[in-house]
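Below, chains carry the letters A, B, ... as their sequence lines are ordered, and counting in each starts from 1. Hydrogens, waters and symmetry mates play no part in the numbers below; they use all other heavy atoms, side chains included.
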Amino acid sequence: MAKRIKAMRGTHDVLPEQASRWRAIEDEFAKICRQYGYREIRTPIFEATELFERGTGFSTDVVQKEMYTFEDKKGRRVSLRPEATPSVIRAYLEHSLAKQGKVLKLFYLGPMFRYDRPGAGRYRQFHQLGIEIIGTPSAVADAEAIVLLWEFLRGIGLSGLKMRVNSLGCEKCRVEYSRLIREFLKERLERLCDDCHERFERNPLRVLDCKQEMCKAVVAEAPEIGSILCEACQEHLAEVENLVSQANVDYYIDSRLVRGLDYYTRTVFEVFHVSSGVDNSLGGGGRYDRLVEDLGGPQTPAVGFSAGMERIAQALEADGVDVKGESRLDVFIAPMGKQAFPTAFKLALDLRQALSVWLEFDDRKIDRQLRSASRLGARFAAIIGSEEISKGIVKMKDMISGEQFEVPQSEALKWLKHRLKEDSLE
RNA sequence: GUGGGUGUAGCUCAAUGGUAGAGCACUGGACUGUGGAUCCAGUUGCUGGGGGUUCGAGUCCCCUCACCCACCCCA
């Protein structure tokens, strides 16, 4: 046998059983998004590298070391998207979507790519779903994003969720806080880990997020962002808190929450699942009032979030929640003998107008066929042999009670629909 | 990127350096037109890949690949 090829490192197949759960989750997400007034957008999986350099941020880990970047045949610098927000904003500007109204509310879902070392719940091709609210500075929008994320996760059956919320301040606050932190850390550099020395140079705020004990000790004494937020930023955060607590979101203010992407301003948040580990972030987001401008548009405030499918599926499994997948088969058509196939084929064509139907392909003994029908979870088996053909009927077997009924072939669809309807009423 | 662990049938796992196995699953038969039970039979593997030591390697050594755990980072 020839050598087999395996899926590449960090990628994985979503097999039927899992895929049906994914679809149920995606359907729930699309549904709640529509309830909140969002419309779907689909953007390309690859973009000009520069979009992410300017959007996600040149200094971020994502852009610095995790992008799949290559040159195409014309020498253009291309990257597989590591996240969707820059693409959505690019499309927003490219198609002048601002003209569609003051505020645009979009949702998306699809694969993202990061060349990272695979680990627990971490893949090189992973899948995100998320939203963007473009065109308002209102704290109500921040609250809506947080609540939508929360309600979505709660709605699919997750419990033990916690939401961390923080404010990184507006541009002025950020500059001021960065200066303050840099000053503070400068005197304590020798007490920080090696990575943090580097962070100190590139983006001192990231030191606040370090998990090393030595750094945590230093950071514990650091001034909190809350202490220097300007009045407007304080008010904004208070308003978000007030609204979010009305929605019964289990949140807390975590003054050390700093997210990995450069474009956030003011509100940032992250939701995690307690029982699958403190570090298991299911999703997060925040306000990004500068991004549209950075990508060449007019000054336009916006807020959004993204969440990870793999993480969500994992959390559901940890919670023992069985997301209902696709419904079972309605009918299994069992032809008996070669000469029964044309009639069976015709019957399948007819029934498939409204029902999910499995038609046996091979000339197998009836007991084997019924066994297959059981295993496929068929509600009824439609048996067609020479007897049935000569009488113009089909023998319907109720796979739960075992009862059998002779039904004229022309009535089969009507009969089955009637019986299945009775099922759903019980 | 750093450290540790694990790779044997579709799945879960056995096999003191001596002929690769079991359970489940799958297919068929018992039952030539009636499923889920039972019994019987059968299929499935370059033991992740490559090299080395040895009379002999799933087992020991080296390399490599993949996955898992921790760190890092995040979704």
As its Watson-Crick or G-U partner within any shown strand, both distances under 3.5 Å, B/C55 has B/G18
At under 4.0 Å between heavy atoms, what does A/Gly377 touch on the DNA or RNA strands: base, sugar-phosphate, or nothing?
nothing
Among B/C67, B/U34, B/C74, the one nearest any side-chain atom of A/Arg9 is B/C67
Is A/Ile383 touching bases, backbone alone, or none of the nucleic acid, heavy atoms closer than 4.0 Å?
-> base
For A/Glu132 and A/Thr85, which I'm curious about, is there any donor-acceptor pair between the side chains at under 3.5 Å? yes
Picking from B/G33, B/U32, B/A75, the nucleotide nearest the side-chain atoms of A/Tyr123 would be B/A75
A/Lys365 side chain near B/G29 phosphate (N/O to OP1/OP2, under 4.0 Å): yes
A/Phe332 atom CZ is separated from B/U34 atom C1', nearest whole Å, by 12 Å
> OP1 or OP2 of B/C74 sitting under 4.0 Å from any side-chain N/O of A/Arg311?
Replying inline: no
Margin query: For A/Phe341, does the six-membered ring have the charged nitrogen or CZ of A/Lys338 within the cation-pi criterion, i.e. under 6.0 angstrom from the centroid and within 45° of the normal?
Written below: yes
Rounded to whole Å, the CD1-C1' distance (A/Ile312 to B/A75) equals 9 Å
Is there a side-chain contact between A/Lys65 and the phosphate of B/C74, meaning an N or O under 4.0 Å from OP1 or OP2?
no
Rounded to whole Å, the CZ-P distance (A/Arg122 to B/C71) equals 11 Å
_Less than 6.0 angstrom from the centroid, inside 45 degrees of the normal: does A/Arg419 satisfy that with respect to the ring of A/Phe405?_
yes
Looking at A/Thr265 and A/Asp289, would you say the former's side chain and the latter's main chain have a donor-acceptor pair under 3.5 Å? yes
- prompt: Taking the same atom, C1', in B/C13 and in B/G7, what whole-Å distance lies between them?
  reply: 13 Å
The side chain to side chain contact (heavy atoms under 4.5 Å, CB included) partner of A/Val165 among A/Asp254, A/Val244, A/Val271, A/Ile253 is A/Ile253
A/Phe305 CZ to B/C74 C1', in whole Å, measures 17 Å
Would you tabulate the nitrogen or oxygen pairs shorter than 3.5 Å linking the protein to nucleotides 35-38 of chain B?
unit_1: B/G35; atom_1: N1; unit_2: A/Met399; atom_2: O; d: 2.4
unit_1: B/G35; atom_1: N2; unit_2: A/Ser374; atom_2: OG; d: 3.1
unit_1: B/G35; atom_1: N2; unit_2: A/Met399; atom_2: O; d: 2.9
unit_1: B/G35; atom_1: N3; unit_2: A/Ser374; atom_2: OG; d: 2.6
unit_1: B/G36; atom_1: N1; unit_2: A/Met399; atom_2: O; d: 3.3

Answer for the Watson-Crick or wobble partner of B/A37, both distances under 3.5 Å, is none
*asked:* Run A/Phe305 and A/Trp150 through ring pair (Phe, Tyr, Trp, His ring centres under 6.0 Å) and show every step you take.
replied: CA-CA 11 Å; A/Phe305 72 71; A/Trp150 184 264; over 10 Å; no
When rounded to whole Å, the CG to C1' distance for the pair A/Asp13 and B/A66 reads 14 Å
Between CZ of A/Arg114 and P of B/C72 the distance, given in whole Å, is 18 Å
Between CD of A/Glu387 and P of B/U34 the distance, given in whole Å, is 11 Å
By salt bridge (Lys or Arg N to Asp or Glu O under 4.0 Å), A/Glu47 pairs with (sequence neighbours left out) A/Arg90
*Cation-pi check, A/Arg154 to A/Phe152: give yes when NZ or CZ is under 6.0 Å from the six-membered ring centre and within 45° of the ring axis, no otherwise.*
no
Rounded to whole Å, CZ of A/Arg124 lies from P of B/C74 at a distance of 17 Å
Paired to B/G1 by Watson-Crick or G-U wobble criteria (both distances under 3.5 Å) is B/C71
Under a 4.0 Å heavy-atom criterion, the protein footprint on nucleotides 3-11 of chain B, written with B, S and -, is B--------
| message | Is the ring pair A/Tyr115/A/Tyr68 parallel, tilted or perpendicular, if the boundaries are 30 and 60 degrees? | response | perpendicular
If pairing means Watson-Crick or G-U wobble with both distances under 3.5 Å, then the partner of B/U8 is none
query: What nucleic acid atoms does A/Arg364 come within less than 4.0 Å of, heavy atoms only: base, sugar-phosphate, or nothing?
result: sugar-phosphate
task: Under 4.0 Å between any heavy atoms, over every strand shown, what does A/Glu388 touch: base, sugar-phosphate, or nothing? Just pick one.
output: base
Next item on the list: Check the side chains of A/Ser167 and A/Arg287 for a donor-acceptor pair under 3.5 angstrom, ignoring hydrogens and angles.
Entry: no
B/G45 -> Watson-Crick or G-U wobble partner, both distances under 3.5 Å, gives none
At 4.0 Å (heavy atoms only), tell me whether A/Glu66 reaches a base, stays on the sugar-phosphate, or touches nothing.
sugar-phosphate
Judged by nearest nucleotide, the residue sitting upstream toward the 5' end of RNA chain B, A/Lys6 or A/Glu310, is A/Lys6
message: Can you see whether A/Tyr36 engages A/Glu151 through a side-chain donor-acceptor pair at a distance of less than 3.5 angstrom?
response: no
